[in-house]
Amino acid sequence: MGVGLSDLGGAVTWGEGWTLIEHAAADTASELHAELAGWGYAASFVDLLTLAGAVGEKAFRKVAPWVLKRAKPEDAPTADEVATVQAELEESILFG
């Protein structure tokens, strides 16, 4: 999805590029904003209102993007951990 600046050639001036970056950084729905702000995930204003309305104020305070932190690559679960959790989940789901 991303394009390096050198890949753009003369398609975008430095001024235009700067403006695009500023807008992306200010847009709460962008991954750039979430990363710069230390949010756990990107969320638009509408997303935040919808989430707050769906889960209530008390729960929202626990799951808001500025409360949750982004997972670090070294904190990612191993394949064995994922398989274990999936097996436990499958065992707990009962039909009928």
Nearest 0.5 Å please: distance from the [atom1] atom of [X] over to the [atom2] atom of [Y].
X	Y	atom1	atom2	result
L36	S30	CG	OG	7.5 Å
L89	T84	CG	OG1	12.5 Å
T50	F45	OG1	CZ	10.0 Å
Y41	E35	OH	CD	15.5 Å

Would you say W18 has more than 12 foreign heavy atoms packed within less than 6.0 Å of its CH2?
-> no
Neighbour count >12 (heavy atoms, 6.0 Å) for atom CD, E22 | yes
Same cluster or not: are L48 and V67 linked, directly or through other Ile, Leu, Val, Met, Phe, Trp or Tyr residues, by side-chain heavy atoms under 4.5 angstrom apart?
-> yes
Could you go step by step and tell me if L68 and W39 meet the side-chain contact (heavy atoms from CB on, under 4.5 Å) rule?
-> CA-CA 6 Å; L68 300 176; W39 286 16; over 6 Å; no
Closest non-hydrogen contact found for A42 with A29 is CB-O, 3.4 Å
Identify the two heavy atoms, one from L32 and one from A25, that lie closest to each other, and give their separation to 0.1 Å.
-> CD2-N, 3.7 Å
Between the side chain of [X] and the main-chain N/O of [Y], is any donor-acceptor distance below 3.5 Å?
X	Y	result
E90	A87	no
D27	A24	no
E91	E88	no
T28	A43	yes

